[in-house]
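Here is the structure we will look at.
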2 protein chains.
Amino acid sequence: MDIFLKTIGSINDETRLKILNFINQKGEVCVCDIESAFKMIQSRVSRHLKILKEGGFLKVERRGRWAFYSIRTPLDTFRQSILEEIACLGLEVPTGEFECKK
Amino acid sequence: MDIFLKTIGSINDETRLKILNFINQKGEVCVCDIESAFKMIQSRVSRHLKILKEGGFLKVERRGRWAFYSIRTPLDTFRQSILEEIACLGLEVPTGEFECKK
DNA sequence: ATAATATATCAAGATATATTGATATATTAT
DNA sequence: ATAATATATCAATATATCTTGATATATTAT
């Protein structure tokens with residue numbers, strides 16, 4: 001039950017829905033991409049990514065200075081169905097070049 | 001997005017998970033069944049049922065003095081997958097006779 | 001009509017969660 | 001080693017949610 005509530009709690013937030021959907025659409029993004037895409041301060045982005053990771057949706061891979069976040073694979077069918085549902089919500093997916101130097 | 005968050009928010013609570021699973025297993029229960037099964041005061045039960053109903057999981061049918069709650073049918077695949085996931089959590093499902101007079 | 005039972009809603013306080021700015025750590029380039 | 005960049009964590013405040021007791025409404029039995 002605790003794991004279930006952690007999973008559900010991680011997506012019970014508008015900001016995290018946008019971030020999760022962004023990563024799901026883009027494939028792989030670093031924290032600074034999200035910072036500039038959504039114009040959020042770093043500590044806020046970092047905090048939400050941590051919660052989504054603990055919710056079982058994300059994996060992180062560090063390369064050089066950057067931490068690249070992407071959808072965890074393999075993903076169980078329950079979380080997959082959640083991602084699909086989120087993908088249908090019509091959330092904004094910022095595009096274009098971002099400001100970070102990678 | 002608002003509907004999605006309402007759905008998610010409705011199951012982001014331990015008490016509601018237990019109640020929802022109870023209804024899912026029992027088929028149809030009245031408010032007083034839940035009161036006695038979980039030893040909760042009526043206002044608390046009523047409030048949680050309202051939230052679960054607004055989350056799209058429940059329907060209610062009034063017959064005489066009682067309001068009978070059951071899983072909404074037909075239920076979309078997303079909410080179905082959530083119910084299945086909850087059913088696998090091993091939550092307590094109180095059994096036996098309850099105190100109300102129906 | 002009155003009493004008893006079932007359910008819903010409101011308001012207040014308690015608890016949990018989100019946001020922010022400041023600070024800490026870690027890696028890379030020079 | 002130093003500077004620059006990326007990320008994580010902490011503490012304080014703001015905001016949202018849960019619980020409870022009191023009250024309101026609705027139905028049934030007498």
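Sequence lines set the chain letters: A, B, ... in the order given, protein chains first and strands last, and positions in each chain run from 1. For the numbers below, each heavy atom of this structure counts, side chains included, while hydrogens, waters and symmetry mates do not. Note that this is a predicted model, so its numbers are computed, not measured.
Taking atom CG of residue A:L5 and atom C1' of nucleotide C:dA16, one finds them 13 Å apart after rounding to whole Å. B:L49 places its CG atom 15 Å from the C1' atom of D:dC18, with the value rounded to the nearest Å. The distance between atom CZ of B:R62 and atom C1' of C:dT5, rounded to the nearest whole Å, is 12 Å. As a whole-Å value, the separation of A:H48 NE2 from D:dT9 P is 15 Å. Between the NZ atom of A:K53 and the C1' atom of D:dT7 there is a distance of 12 Å, rounded to whole Å. Separating the CD1 atom of B:I41 from the P atom of D:dT23 is a distance of 14 Å, rounded to the nearest angstrom. One can place CD1 of A:I11 at 15 Å from P of C:dT17, the figure rounded to the nearest angstrom. The distance from atom CD1 of B:I8 to atom P of C:dT17 is 16 Å, rounded to the nearest whole Å.
Around atom CD of B:Q25, more than 12 heavy atoms belonging to other residues, nucleotides or ligands sit under 6.0 Å away. In A:L89, the CG atom is crowded: over 12 heavy atoms of neighbouring residues, nucleotides or ligands sit closer than 6.0 Å.
Within 4.0 Å of A:S43, counting heavy atoms only, lies at least one base atom of the nucleic acid. Looking at heavy-atom distances under 4.0 Å, A:R47 makes contact with a base. Residue contacts for B:R63: at a heavy-atom cut-off of 4.0 Å it reaches no nucleic acid atom on any strand shown.
The side chain of B:Y69 contributes an N or O atom lying less than 4.0 Å from OP1 or OP2 of C:dA8. For D:dT28, neither phosphate oxygen OP1 nor OP2 lies less than 4.0 angstrom from any side-chain nitrogen or oxygen of B:R65. One finds a side-chain N or O of B:R16 lying less than 4.0 angstrom from the OP1 or OP2 phosphate oxygen of D:dC18. Contact check, B:S46 against C:dA8: a side-chain N or O comes under 4.0 Å of OP1 or OP2. Of the side-chain N and O atoms in A:K50, one or more sit less than 4.0 angstrom from OP1 or OP2 of D:dT9.
Note on A:R63 versus A:E61: salt bridge recorded, some NZ/NE/NH1/NH2 to OD/OE distance being below 4.0 Å. A salt bridge does not link A:E85 with B:R79: none of the charged nitrogens is closer than 4.0 Å to a carboxylate oxygen.
A donor-acceptor contact under 3.5 Å is formed by the side chain of A:Q42 with the base of D:dA8.
When each of A:E35 and B:T15 is assigned the nucleotide of DNA chain D bearing its nearest heavy atom, the one mapping closer to the 5' terminus is A:E35. Taking the nucleotide of DNA chain C with the nearest heavy atom to each of A:R44 and A:G64, the more 5' of the two is matched to A:R44.
By the 30° and 60° cut-offs, the orientation of the rings of B:F22 relative to B:F38 is perpendicular.
Base pairing of C:dA29 is made with D:dT2, judged by Watson-Crick or G-U wobble geometry with both donor-acceptor distances under 3.5 Å. C:dC10 and D:dG21 make up a base pair, with Watson-Crick or G-U wobble contacts both under 3.5 Å. If you check D:dA16 for Watson-Crick or wobble pairing at under 3.5 angstrom, you find it paired to C:dT15.
Residues B:I71 and B:L91 fall within the same hydrophobic cluster, defined by Ile, Leu, Val, Met, Phe, Trp and Tyr side chains chained together at heavy-atom separations under 4.5 Å.
Nearest to the side chain of A:C30, among C:dT7, D:dT7, D:dC18, sits D:dT7.
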